[in-house]
Structures are given as C-alpha cells and as structure tokens.
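Keep in mind the model is a prediction, meaning the values are calculated, not measured.
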Amino acid sequence: MKVFGIAGTSGSGKTTLLEQLIPRFVTAGMRVAGIKHTHHGFDPDTPGKDSWRMRASGCENVVLVGARHLTLMRNYPAERASPEIAEALAVLPAGTDLVLVEGYKWSDFPKLEVFRPATGNVPLWGEVPGVVAVATDDPDHVRARTPLPILDLNDVDAVFRWIRDYR
C-alpha cells in the first residue's frame with residue numbers, strides 16, 4: 001500500500017487538491033483510502049443514539065453499519081496521545097492501493113507540499129520531514145527557493161501523474 005501525504009498551511013488548498021486528485025486515481029483503477037488527521041477534538045456519533053450509548057457504557061470499539069457505510073469508532077483514554085498514522089493505516093482493508101493523507105505532517109512519509117507564496121506563510125519543506133515536492137500557484141518564484149521538484153498547482157493532471165509515478 002502506497003502512502004502519500006498532502007501537506008501545507010491552513011487554507012493553502014490541500015483538501016481542494018485532494019478532491020481533484022482522488023477521482024483521477026479511482027479512474028486509473030486504484031483503490032484509494034483517505035486519512036485526515038486533525039488536532040481538534042471531534043465525535044462522529046450522536047449523543048443518546050445506540051452506538052453512542054454503547055461507547056458511553058465502556059466499549060473500546062463500536063462498529064456502526066448502515067446500508068452503504070461502515071464506521072469504526074475506537075475510544076482512547078483522554079490521557080493518551082492521538083493515534084499515530086500506523087494505527088490509522090492498520091484499520092484499512094487489504095487491497096488498498098493508495099492512501100492519501102492530509103495531516104500527520106510531522107510523520108516521516110512522502111508528502112507533497114501545497115504552497116502559495118502570496119499568502120505570506122513560511123514554507124514547510126525546510127522543517128517538515130518527507131516533503132519530496134512542492135505544488136504551487138507560482139512555480140517560477142518557488143523554483144528559485146528550493147531544489148525540490150516543483151509542480152504547477154493549476155495542472156492537476158501533472159500533479160496526479162507525478163504522485164502516481166513516485167517510487
């Protein structure tokens with residue numbers, strides 16, 4: 001299973017790029033999974049519903065199954081650190097060809113940084129491990145700042161091909 005990340009500062013367009021890339025990988029016949037890591041707390045369940053009540057009663061894992069979805073909700077104690085990427089990858093089914101990750105920027109796996117110089121944000125490529133290329137809306141400007149491969153953010157087909165062919 002190939003794991004590839006999309007990194008960048010908030011508002012850089014990571015999710016928008018993923019929305020454009022995923023259908024291209026699927027059309028190419030790949031089974032794609034996505035992992036989104038957030039530092040903000042969230043609860044996908046609804047207080048009072050049966051699955052919520054099962055978790056509130058002490059289940060460490062609850063699987064909620066509907067007509068077209070299956071969701072695993074795994075509880076961790078409040079004092080435990082957020083699950084590492086290996087734990088998220090471990091729950092994915094065999095046969096997954098590509099996992100696209102948004103978040104986990106400090107974990108060391110290959111990443112494409114989405115960088116827009118006009119935002120005034122500092123690029124991540126000098127600090128964040130695993131950044132192997134940069135997709136930007138200003139390729140000439142960025143090319144002068146890093147030896148990494150530079151991709152035109154406006155040419156999603158080229159970005160798709162680059163990620164598909166990476167290693």
Side-chain angles (χ1 to χ4, degrees), residues 1-44 68-74 76 80-167:
M1 156 180 344
K2 179 177 179 175
V3 177
F4 200 91
I6 304 296
T9 56
S10 179
S12 62
K14 300 179 298 291
T15 303
T16 300
L17 179 60
L18 283 166
E19 286 178 310
Q20 296 169 331
L21 289 171
I22 291 166
R24 286 167 168 82
F25 287 110
V26 171
T27 299
M30 298 178 80
R31 292 184 64 197
V32 181
I35 294 177
K36 167 64 177 161
H37 182 247
T38 179
H39 296 286
H40 310 290
F42 77 98
D43 190 339
R68 298 186 39 88
H69 299 90
L70 178 144
T71 301
L72 167 63
M73 292 178 283
R74 180 168 291 160
Y76 295 96
R80 185 185 185 277
S82 177
E84 295 295 329
I85 189 159
E87 291 179 71
L89 293 170
V91 301
L92 295 175
T96 300
D97 299 309
L98 174 65
V99 182
L100 292 170
V101 180
E102 182 179 344
Y104 284 110
K105 73 179 177 185
W106 296 110
S107 296
D108 194 11
F109 55 87
K111 298 174 197 76
L112 173 74
E113 179 175 356
V114 178
F115 179 67
R116 296 177 186 271
T119 65
N121 292 321
V122 176
L124 303 176
W125 65 71
E127 293 183 38
V128 170
V131 175
V132 295
V134 180
T136 181
D137 57 353
D138 193 349
D140 292 333
H141 175 81
V142 175
R143 196 170 282 113
R145 298 178 64 183
T146 180
L148 292 171
I150 305 301
L151 305 169
D152 187 339
L153 190 53
N154 297 313
D155 187 351
V156 179
D157 288 329
V159 175
F160 157 71
R161 288 189 301 274
W162 197 92
I163 294 171
R164 180 197 63 200
D165 297 341
Y166 183 78
R167 286 194 212 163

Got [X] and [Y] here, is their nearest side-chain heavy-atom distance under 4.5 Å?
{"X": "Ser12", "Y": "Asn121", "answer": "no"}
{"X": "Thr136", "Y": "Asp152", "answer": "no"}
{"X": "Val156", "Y": "Leu21", "answer": "yes"}
{"X": "Pro23", "Y": "Val26", "answer": "no"}
{"X": "Ile35", "Y": "Leu100", "answer": "no"}
{"X": "Arg74", "Y": "Leu72", "answer": "yes"}
{"X": "Leu112", "Y": "Leu151", "answer": "yes"}
{"X": "Lys111", "Y": "Val132", "answer": "no"}

Should the pair Tyr104 and His37 be assigned to parallel (<30°), tilted (30 to 60°) or perpendicular (>60°) ring geometry?
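Tyr104 and His37: parallel rings.
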
Taking only Lys NZ, Arg NE, NH1 and NH2, and the carboxylate oxygens of Asp or Glu, determine whether Asp97 and Arg31 approach each other closer than 4.0 Å.
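Salt bridge absent between Asp97 and Arg31.
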
Presence of salt bridge, Arg116 and Asp138, under 4.0 angstrom:
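No salt bridge links Asp138 with Arg116.
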
Distance from [X] atom [atom1] to [Y] atom [atom2], nearest 0.5 Å?
{"X": "Asp155", "Y": "Trp162", "atom1": "CG", "atom2": "CH2", "value": "14.5 Å"}
{"X": "Glu113", "Y": "Ile150", "atom1": "CD", "atom2": "CD1", "value": "9.5 Å"}
{"X": "Thr38", "Y": "Glu102", "atom1": "OG1", "atom2": "CD", "value": "9.5 Å"}

Ignoring hydrogens, what is the shortest heavy-atom contact between Pro139 and Asp137? Give both atom names and the distance.
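The answer is CD-C, 3.6 Å.
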
Could you tell me whether the side chain of Lys14 and the main chain of Gly8 form a donor-acceptor pair under 3.5 Å?
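Yes: the side chain of Lys14 pairs with the backbone of Gly8.
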
Less than 6.0 Å separating the ring centroids of Phe4 and Phe109?
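Ring centroids of Phe4 and Phe109 are no less than 6.0 Å from each other.
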
